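Before any comments, here is the structure.
Protein chains get the first letters and strands the later ones, always in sequence-line order, with residue 1 at the start of each. All figures in this text were calculated on a predicted structure; none of them were measured in a lab.
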There are 2 protein chains.
Amino acid sequence: MLSKKTKYGLKALAYVAKHKGEDPVQIGAIAKSENISQKFLESIMLTLRKAGFLGSKKGKGGGYYLRRQPEDIKMVEVMRILEGPVSLVPCVSLNFYERCDDCPDETTCSVHSLMVQLRDSNLSVLNKNTLADLIKE
Amino acid sequence: MLSKKTKYGLKALAYVAKHKGEDPVQIGAIAKSENISQKFLESIMLTLRKAGFLGSKKGKGGGYYLRRQPEDIKMVEVMRILEGPVSLVPCVSLNFYERCDDCPDETTCSVHSLMVQLRDSNLSVLNKNTLADLIKE
DNA sequence: TATAATCCTACTATTCCGATAGGATTTAAA
DNA sequence: TTTAAATCCTATCGGAATAGTAGGATTATA
């Protein structure tokens, strides 16, 4: 299951993208519109800003805005920042590789091939969807 | 990430499938071979038996055996028993549907379409892989 | 100077995961 | 008939992660 952090983060990004070109968007407005705890959302927005998706302006009239074009923000990037690895086991992860503590040998592991297939099918979806796709229609 | 429960359960099923036709397989043997805590594995085997994948024989010389052909046990079934929903959000789950507590309206939810795509791509992999595929080569 | 916003750190409550404990039950073999 | 070997079952527990909260520091506008 997706963490609330990721779900809220995606919705917030979509909200900001929808208001592209306008004044910066406030956390309060997003929280209200998407039914998210404002304090919780604060920390998520911070993560998204530090990751380079969002920029911010402090003080009165401040808020958040997109730093990149929606078409250029792939879902796979956002997922890796918010949710972590795309893979279901660390030993098939491309960006977060780790050995599995069980498994003496990856090549004879019975679940290895299945895990690779799941990783690749998820990657294909996450690579072709961008933030722009989230705000269509 | 996949829970250890699921990972261990898959490995255990593969182990039992590999020894199909022989005497029942003991938990101890699986635990040792796959580096799994025996007590933890006990509870997982119980789950798999109650779900109908495995049969058991008690007492000396007892153990576990497959109740269905490996080619007939789809990974999607096993995952649903051990890991739960295939979907990342309950509101797109086919077998565990629930409304999302946020989201006043699923049709306007910005992440809905992405979640459906991820669900379907995972389903396609999990539907075409069976236990027989886990023990190939 | 007052107000509105983000920024930042720390804390907390709850849930889930992985594992363990301790026996009850059943069966086969000595 | 006894003993050993196996599953069965329920309860519990520590630790980690998740979701959220608190409280103020900082910055910018009007």
- Message: Taking the nucleotide of DNA chain D with the nearest heavy atom to each, does A/Gly61 or A/Ser37 sit closer to the 5' end?
- Response: A/Ser37

- With sugar-phosphate meaning primed atoms plus P, OP1 and OP2, does B/Lys7 contact a base, only sugar-phosphate, or nothing at under 4.0 Å between heavy atoms? nothing

- Note on the structure: Of C/dC7, D/dT7, D/dA30, the nucleotide closest to the side chain of A/Leu46 is C/dC7

- Might you confirm whether atom CD of A/Glu98 has over 12 heavy atoms from other residues, nucleotides or ligands at distances under 6.0 Å? no

- Query: To the nearest Å, how far apart are B/Glu42 CD and C/dG18 P?
  - Reply: 17 Å

- Message: I want to verify a distance call: between D/dT7, C/dT6, C/dT27, whose nearest atom is closest to the B/Lys60 side chain?
- Response: C/dT27

- Query: Between B/Gln38 (CD) and C/dG18 (C1'), how many Å, whole number?
  - Reply: 16 Å

- Phosphate OP1/OP2 of C/dA5: any A/Tyr65 side-chain N/O under 4.0 Å: no

- Query: Taking CG from B/Asp101 and P from C/dT15, how many angstroms apart are they, rounded to a whole number?
  - Reply: 14 Å

- Kindly compute the distance separating CG (B/Leu48) from CD1 (B/Ile81), expressed to the nearest 0.5 Å. 8.5 Å

- Given atom CG of B/Leu82 and atom P of C/dG18, what is their separation to the nearest angstrom? 12 Å

- Determine whether the side chains of A/Ser121 and A/Gln117 contain a donor N or O and an acceptor N or O closer than 3.5 Å. no

- Query: How is B/Lys39 classified with respect to the nucleic acid when contacts are heavy atoms under 4.0 Å: base, sugar-phosphate, or nothing?
  - Reply: base

- Query: Can you check the B/Leu48 CG to D/dT7 C1' distance for me, whole Å?
  - Reply: 14 Å

- Message: Between C1' on D/dT18 and CE on B/Met1, what's the gap in Å once rounded to a whole number?
- Response: 16 Å

- Which listed nucleotide (D/dA28, C/dA19, D/dC8) is nearest to the side chain of B/Tyr8? C/dA19

- Task: Would you indicate, yes or no, if C/dC7 has its OP1 or OP2 atom less than 4.0 angstrom from a side-chain nitrogen or oxygen of A/Arg49?
- Result: yes

- Query: Side chain of A/Lys5: nearest nucleotide among D/dA6, D/dG20, D/dA19?
  - Reply: D/dA19

- Message: Tell me the interatomic distance from B/Asn35, atom CG, to C/dA19, atom P, rounded to whole angstroms.
- Response: 11 Å

- Task: To the nearest Å, give me how far apart NZ (B/Lys4) and C1' (C/dT20) are.
- Result: 16 Å

- Task: Answer yes or no: does a side-chain N or O of A/Ser43 lie under 4.0 Å from OP1 or OP2 of D/dG20?
- Result: no

- Nearest heavy-atom neighbours spanning B/Val78 and B/Leu10: CG1-CD2, 3.7 Å

- Check: A/His19 side chain, A/Tyr15 main-chain N or O, donor-acceptor pair, under 3.5 Å: yes

- Of the nucleotides C/dG18, D/dG20, C/dC7, which has the atom closest to the B/Phe40 side chain? C/dG18

